[in-house]
Amino acid sequence: MGNSIKQYMKPYLPRYAAGFFLLILTNAFALFVPWVLKYAIDDLREEVTHQKLVLYASAIVGATFVQGFFRFLSRQTLLKSSHMIQFDILNDYFGHLLRLPMSFYDKNKTGDLISLATNDLKSVRMMSGVGVMNIMNTLIIVTLTFLLLLMLNVKLTVLSLLPFPFIAIFVKRYSALIHKGYKSVQEEFSKINTKVHENVSGIRVIKAYTGHESEINDFEERCESYLTQNMRIAKLWGTVFPLIGALAGIGTLIVLWVGGGEVIGGRLTIGELVAFNAYLAMLLWPMIALGWVLTLFQRSKVAMGRISRIFDVEPEIADIDDASDTEIFGDIKIEDLSFSYTPEASLVLKDVSFEIKRGEKVAIVGPTGAGKTTLINLIARLYKVDDAKIFIDGKDINSINLKSLRQSIGFVPQETFLFSDTIGGNIAFGVGTASKEELEKYAKISDLLENIEEFPLNFDTYLGERGVNLSGGQKQRTTISRGIIHNPNILILDDATSNVDVITEERIVSRLEREMTGSTLIMVSHRIATVMSFDRIVVIKEGMVEAVGTHDELIGRPGTYKEMYKRYLIYKELDLREEG
Amino acid sequence: MRKRFIEEDTHIKTYDSKLARRLLQEIAPYRRQVIIAFVFLVMTSLLSLVGPYLIKVAIDEYIANNDMAGLINIVIFFVGVLLLQYITAYIRIYYTQYVGQKSMYSLRVKLFSHIQKLPVSFFDRNPVGRVMTRVTNDIEVLNELFSAGVITIFGDLLMLFGIIVLLLFLNYKLALVAFSVLPLLVFITLAFRKIMRESYRNTREKTAKVNSFLQENITGMKIVQLFARESNRHKNFTTINEEYKNAFFKTITAYSLFFPMIELLGSISIALIIYYGGIQLLGEKLTLGALVAFVEYLRKFFVPIRYLTEKYNILQSAMASSERVYKLLDAATEEDVPMTAESGQRFRGEIEFKDVSFAYVDDEYVLKNISFKINAGERVAFVGATGAGKTSIINLISAFYKIQKGEILIDGRDIYSYPKEQLRKNLGVVLQDVFIFSGTILENITLNKKGISLEQVERACNNTYVCDFIEKLPKRYGELVGERGAVLSAGQRQLLSFARVLIYNPTVLILDEATSTVDPHTEYLIQKATEKLMEKRTSIIIAHRLSTIQNVDRIFVFHKGCIVEIGTHEELYAQKGVYYKLHQLQYKNFTSDVKE
Ligand SMILES: Nc1ncnc2c1ncn2[C@@H]1O[C@H](COP(=O)(O)OP(=O)(O)OP(=O)(O)O)[C@@H](O)[C@H]1O
Ligand SMILES: Nc1ncnc2c1ncn2[C@@H]1O[C@H](COP(=O)(O)OP(=O)(O)OP(=O)(O)O)[C@@H](O)[C@H]1O
Ligand SMILES: [Mg+2]
């Protein structure tokens, strides 16, 4: 995995070399044309024959044809390389993202990550394609032209090239300024991006709370600073771009003045003067382009810097070398586990220890923000766990092959996320494809089948983004089906029925118990009725294990669970009273 | 083809006079600057034509006659021209940028404001990424059109025209010979235009595919990793990436062919000049200077043509972008009535559904002939199986969607006859789908509205138990919560979203499973605390935990889009219907042997 542009260009060095060679050929033929012109004009001044005119004319066309041929090849070679490089970077980029842990995604915004893969990568691609081609072109043209000019007239060459060092200094100075300008423009633009992303994602909230006015104001402000930054760049461009042209124009001027004098003095022919001017004109474009290429280089440097920052993030959750594929049965042991999301932050879990035997049904209960989700996230190794804290089947979780670990876990996260695929596709996500029978079987377990059968397209019903066209409970049940379709040995449900009515929940839990016999079941829940029959209940409070035990044991001693139960009873009694 | 829920993206036209006219309207407010830019553009173009002519004069009149003094005059004149060229170019660049930036600023703000008014159904069917692209990238492309494309195309065309005129004037026979390649040029350009349009469409499509793939897989990364689908996803991505690359390869090949072809035509033209010009020169009908000028002008003629195609590309993408931008601008907004003097009035809070039927899609009805009436100040609860249509009712009361049949009345008046702003200011809805913005806690509660101070928020939150968790955060209300509230627990996110309603002071309070992921103890505390909030307010509470709805006046039981039971807790319990069953399950296993 590389992270500098040089590394990515390296495999294509032969292509670049070939491109360079082709460009030399292209330019050699391109430069041949004014030379022919020179002869033609000088001949025309004196005596010329019909045959000679035909010869000159066909030489010009022939040279251009050959030049065109090589130009075609060189563009193909160089520009395609840049797309190959883009392909490589993009592939590595996504591959890298796939390996980064959740702590990375907590800190980075989706919009920014995408923008890196599109906008920033585009700068890099432009640089490694058009940019490199232009630089090569400039280099070749300048060298060849310089030689030709010298051959034509040394004095004139020295004088007419006088402005060019100034151009170089000038371009260098300004490109630094423009570079800085672009950086601020980029930053402002990404702020606009973020704003729109947030606004549209949360549009329902904004509508419900009539927040549109303040949203518009805020947006206007951001656009204004973007405008200001852009106008600053415009002024810079306005200064630099024409000035390069003007400075180069001075070259032509010198040719006319000094060169004209030389012709008058008989030291130069008119043909040579015309050719000289033509060559000088050929220098103009590459010089102007150079300015543009320099900003391109600057931009791509910034861009590649930003991309490398992502590549530099170590995938801290990775397989150690001897992590092997193993079958996992589902004994889980947690020993003195402490955890915080960032080194600075306070501990979210403190000295958590408990054990789950394979096939057991364990509930995790506790107040909001106690650390339940955190705990099960760690069991699935979504965040980095210290060594020798969590053991599965007696093995340290960090030594277990990540893929076999995750494939033996069925995870239903607290927050539902669905892809904008079909319902069937979403349920079969973990296994790729599934037959209709399988889909039906697992949809039935989560009590979703009945709903799906009501949809005209059944499992082929397409979902909107994040499943917007399903009800809250339907979304949750889809994720439950998705979590069990690969028959995991450990099933983890994180408050996965919070949006489901009790009748349905009851059905789901009993079907899970029936169908998933032998699997370890860990269920985070806030509903006493659901968890009271479980083998064991772990009570988490403020990051610590307050108690572990069966329902009967826990209600026998004071604590969070007993309070929960008392409240449940009060309601129950209340209802009974009302009934009577 | 299966019907996708997400709407297809639009197709691309190249040029559309209606679109062009609308675009021109965007720059209309900057007429003065446009005129300035245009005048200076014309000047720059004309000035660039002076050079070769000066060379002709220099050769024919001075160099040929060995007149050094005259030559120096020409040179001085040339300096003046260069200086002018510089100044005019600066002014042109500045003003075109000015117009482009300013008009795109307005268009962007206009588009964003328009988006705020689109109906919820629009957002159901259009992914966030797409809407976002309209406001950001598409407008950026248009900007490029203004600052680099359109106006310079005028300049280029003007210059081409100027060169044709000049050459005809210099020597019309020779000019005709030189331009004999023009028909071929037009033919080639047109042929390439077609190819490039096709390849442009293709690259755009593939780019969009890469983007949406990344978008979805990055947001769903947790799921991808949990299900160990990394290698499968990577494989899929490689395929998409490959297509993306190949699409560009085609474009590159087309351009690589086009460039040399134009060059070749240019040199054929020059060769013709040399040949015929040479013959004319021999016949003394042409000066050498004129011949040189001819060659120079032709060179100037073919350079912009090469770049014209590049600008054509900008034009093409700009057209595609503007089409999409305007399509979004034309998307029907929520039907609304303007705010009037009475719109500030607060509702009493009586809500009535009269035989309402509603479908999100075509005729897939999710609510069927619903009728009920909630009195002002009454507290009701909606219960029922998932997917029964409870949230849909809330969506209708918020006027997020239009109904197909029936009538919804608030305080006896049709709901759609109220301005949306008035309606929604009276409704305090805690949505089932929690959404947290990636700012601070405070910004999430106030939604960035000006004039709501931290003290106000603290006061509103005080003793409600909703904001207790905030007090424990290191930076309290200033804490950054990450994208979609990533650094909060799910329950905390729900509480945060609940807090928004505390400062809103609505007349109708609607809680759609507002505490479903909060622990029962906290829920109980909140429930007690919000009693006060509900006083004298109409309240609708949706909950699956029946404990949450202990104190409501009436309970509505939903089943498959219909209301099957309405009544007080006692009535429904006695009825031994759906509600009774729900109740039994929730409080099953009651064992009286648990003694205190
Ligand atoms: N935006 C939408 N577009 C299309 N169909 C929708 C949309 N939202 C909901 N539906 C469908 O409407 C039906 C009713 O959904 P609704 O959200 O009203 O149910 P609910 O009673 O609130 O359920 P839950 O208790 O699960 O939240 C469901 O079948 C759902 O698939
Ligand atoms: N990604 C994260 N980065 C930083 N802090 C986090 C992150 N996720 C959770 N926290 C914090 O860690 C604590 C525990 O959160 P966790 O999600 O584990 O709670 P929970 O017990 O699952 O609560 P709930 O019942 O609300 O789901 C909370 O205080 C929360 O603010
Ligand atoms: Mg949680």
Side-chain angles (χ1 to χ4, degrees), chain A residues 40 53 57 60-61 64 68 71-72 75 79 83 87 94 98 106 109-110 114 193 196 200-202 205 208 210-212 214 216 219 227 230 234 238 242 246 249 253 257 260 263-264 274 367-369 403 406-407 411 414 417 430 462 464-465 468 471-474 498 500-502 506 571-572, chain B residues 4-5 63 66 71 75 78 82 86 89-90 93-94 97 101 105 112-113 116 124 127-128 131-132 135 214 218 220 226-228 230 237 245 248 252 256 260 264 267 271 274-275 278 292 385-387 424 429 432 435 447-449 483 486 489-492 516-519 544 547 585-587:
Chain A
L53 280 177
I60 289 174
V61 175
T64 319
R71 190 178 299 284
F72 172 75
R75 288 182 75 96
L79 297 183
H83 280 273
F87 174 86
F94 185 62
L98 283 169
D106 290 345
K109 293 191 180 135
T110 314
I114 293 171
N193 241 321
V196 182
V200 180
S201 315
V205 175
T210 54
H212 52 278
S214 49
I216 293 172
F219 184 71
L227 178 78
N230 264 317
L253 211 125
W257 179 22
V263 175
I264 292 172
V274 171
T368 296
K403 190 166 176 176
R406 293 207 176 133
Q407 276 179 341
F411 201 110
Q414 195 167 18
F417 179 88
Y462 263 102
E465 203 170 24
V468 278
S471 83
Q474 288 166 346
S498 59
V500 170
D501 61 285
V502 275
E506 159 83 14
Y571 281 128
K572 174 72 190 166
Chain B
R4 282 192 172 258
F5 187 73
I63 297 178
N66 292 349
L71 184 63
V75 167
F78 210 145
L82 277 179
Y86 172 68
Y90 177 81
I93 293 179
Y94 181 81
Q97 284 284 349
Q101 295 292 341
Y105 163 81
F112 185 81
S113 313
Q116 306 306 304
D124 285 353
V128 175
V131 182
M132 203 173 114
V135 187
L214 284 176
I218 293 175
L226 274 174
F227 288 87
E230 289 96 330
F237 184 69
K245 183 181 78 183
F248 274 99
I252 291 173
S256 305
L264 189 62
S267 74
I274 295 286
Y275 181 69
V292 172
T386 106
R424 290 178 192 157
V429 191
Q432 181 175 22
F435 184 84
L447 296 173
N448 271 322
K449 283 181 202 162
E483 195 170 34
S489 86
Q492 290 167 339
S516 62
T517 48
V518 174
D519 66 278
H544 288 307
S547 55
L585 272 163
Q586 183 132 23
Y587 299 114

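Note that this is a predicted model, so its numbers are computed, not measured. In what follows, chains are A, B, ... by sequence order, proteins preceding strands, each numbered from 1.
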*What part of B/Gln492 lies closer than 4.5 angstrom to a heavy atom of chain A: side chain, backbone, both or neither?*
both

_Where B/Thr386 and A/Gln474 come nearest, the two heavy atoms and their spacing_ = OG1-N, 3.9 Å

_Heavy-atom pairs under 4.5 Å with chain B: which of A/Ser201, A/Gly369, A/Gly472, A/Pro367 has the most?_
A/Ser201

_For a quick test of reading the model, state the closest non-hydrogen atom pair linking A/His212 to B/Gln116 and the distance between them._
CB-CB, 3.8 Å

*Test item: side-chain donor near acceptor, A/Gln414 and B/Thr517, under 3.5 Å*: no

*What are the two closest non-hydrogen atoms of B/Gly220 and A/Phe417, and how far apart are they?*
CA-CE2, 3.4 Å

*In terms of heavy-atom pairs under 4.5 Å with chain B, which of A/Val196, A/Asn230, A/Asp106, A/Thr210 leads?*
A/Thr210

*Counting heavy-atom pairs under 4.5 Å to chain A, which of B/Val131, B/Ile252, B/Val429 comes out on top?*
B/Ile252

*Between B/Ala89, B/Ser256, B/Pro260, which residue shows the highest count of heavy-atom pairs closer than 4.5 Å to chain A?*
B/Ser256

*Winner by heavy-atom pair count (cut-off under 4.5 Å) against chain B, out of A/Gly68, A/Ala234, A/Gly473, A/Ser214*: A/Ser214

*asked:* Heavy-atom cut-off 4.5 Å, strictly under: side chain, backbone, both or neither for A/Ala40 against chain B?
replied: side chain

*Which of A/Leu253, A/Val61, A/Leu79, A/Ile60 touches chain B most, by non-hydrogen pairs under 4.5 Å*: A/Leu253

_For B/Leu264 versus A/Thr64, what's the shortest heavy-atom pair and its separation?_
CA-CG2, 3.8 Å

*Give me the ring orientation class for B/Phe112 and A/Phe219: parallel if the planes are under 30° apart, tilted from 30 to 60°, perpendicular past 60°.*
parallel

*With a 4.5 Å cut-off on heavy-atom pairs, point out which of A/Pro242, A/Ser471, A/Gly211 contacts chain B the most.*
A/Pro242

*Is there a side-chain contact between B/Glu230 and A/Arg406 (heavy atoms, below 4.5 Å)?*
yes

*If you count heavy-atom pairs under 4.5 Å with chain A, which of B/Gly387, B/Ser113, B/Ala486, B/Ser267 comes out on top?*
B/Ser267

*asked:* Is the ring pair B/Tyr94/B/Tyr90 parallel, tilted or perpendicular, if the boundaries are 30 and 60 degrees?
replied: parallel

*Go through the atoms of B/Leu71 and report whether side chain, backbone, both or neither lie under 4.5 Å from a heavy atom of chain A.*
side chain

*Sort B/Tyr105 into side chain, backbone, both or neither according to what part of it lies under 4.5 angstrom from a heavy atom of chain A.*
side chain

*Residue pair B/Met132, A/Asn193: steps toward the side-chain contact (heavy atoms from CB on, under 4.5 Å) verdict*: CA-CA 7 Å; B/Met132 203 173 114; A/Asn193 241 321; 3.0 Å; yes

*Is it the side chain or the backbone of B/Val135 that comes within 4.5 Å of chain A heavy atoms, both, or neither?*
side chain

